S.K.: 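Provided herewith is a single structure, encoded as structure tokens, for subsequent inquiry.
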Amino acid sequence: MTAELFDTHAHLTDPKIAADLEAVLERAWSAGVRSMVVVGYDLPSSEETVRLAARYPGQLYPAVGLHPHEADTAWADVLPRLRELAAAPEVVAIGELGLDAYRGWSSEANQRRLLEAQLQLALDVRKPVCVHSRAAETAILPQLEAFAKAAAAAGLPLPGVMHCFGGTLSEARPFVELGYLISIAGPVTYPRNDRTRELAAGLPARSLVIETDTPYLPPQGMRGQRNEPAYIVETARAVAAARGELLSEVARVTTENARRLVAASLAGAAAR
Ligand SMILES: [Zn+2]
Ligand SMILES: [Zn+2]
């Protein structure tokens, strides 16, 4: 039997994927991927994730949000519409949101304001967050700590997921303690990336999820190509090797954890 896998971060509305989406999905199902979170990064992609996921109930789950790269735009104008989307019952998370000190495509002050506005929105609708944190693992901790505590007090069972976590195992620990899931992506397969293999090896099973970040970050065997959800198998294998576990075990725990993320949005909405 093929292992059942859950891709917690895929941009299926990206033009590189949208052109042959049906074939991409067919390959994903054949590879054992049963579910995916489809992630928005601006208002149009967020609208599109909700429309797309509605065609695949129980398989595609939408997340809506504004990427830190959007922080210098007039984002306050689109927040009311984002709020409407966020409140829709099928939307499982707010994101991707966060801080990106690596690209620096928008000012840090604006990134923090945009992050704060969306954390408040997530709290209002009581849904977990999907966090993009690049070269910002220490900088983002205080805001995510405050969010996790407020979310728990508001009845949300799980604060969210740290997508494509690029930090070390010790940088991951405070997020794990706050209840965040830590998502491992294709870079865990890169020959020189011992840091992410140590992270994958050391995380508690209950905190571990996997993703592709389609169409970005293809695993080692597909480098230079467009990434797609079917390739998550290579990432799952690398995680299994790092942990000294069977692929089936990694598939089981990561899928179970991803389902807890989906369940959290329902539980949070019920507590509203
Ligand atoms: Zn991201
Ligand atoms: Zn992304």
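Sequence positions, counted from 1, serve as the residue numbers for this chain. Counting starts at 1 for both ligands and their atoms, in listed order. Computed from a predicted model, the values in this text were never measured in an experiment.
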S.K.: Taking the Zn ion (ligand 2) as the vertex, what is the angle from OD1 of Asp213 to NE2 of His9, given to 10 degrees?
M.R.: 90°
S.K.: Using side-chain contact (heavy atoms from CB on, under 4.5 Å), reason through Glu137 and Leu141 one step at a time and then give a plain yes or no.
M.R.: CA-CA 6 Å; Glu137 284 71 24; Leu141 182 58; over 6 Å; no
S.K.: Yes or no on side-chain hydrogen bond (donor to acceptor under 3.5 Å, both in side chains) for Gln143 and Arg112, after CA distance, side-chain angles and deciding distance?
M.R.: CA-CA 9 Å; Gln143 275 172 291; Arg112 284 199 184 276; 2.8 Å; yes
S.K.: By atom name, which N, O or S atom belonging to His163 lies closest to the Zn ion (ligand 1)?
M.R.: NE2
S.K.: Tell me whether the Zn ion (ligand 1) has Glu96 as a neighbour, meaning an N, O or S atom of it below 2.8 Å.
M.R.: yes
S.K.: Restricting to N/O/S, name the atom of His132 that gets closest to the Zn ion (ligand 1).
M.R.: ND1
S.K.: I'd like to know whether the aromatic ring centres of His11 and Tyr41 sit less than 6.0 Å apart in this structure.
M.R.: yes
S.K.: Tell me whether His67 has at least one N, O or S atom under 2.8 Å from the Zn ion (ligand 1).
M.R.: no
S.K.: Answer yes or no: is there an ion pair linking Arg83 with Asp124, defined by an N-O contact shorter than 4.0 Å?
M.R.: yes
S.K.: I'd like to know if Arg51 pairs up with Glu48 as an ion pair, taking the criterion as any Lys NZ or Arg NE/NH1/NH2 lying under 4.0 Å from an Asp or Glu carboxylate oxygen.
M.R.: yes
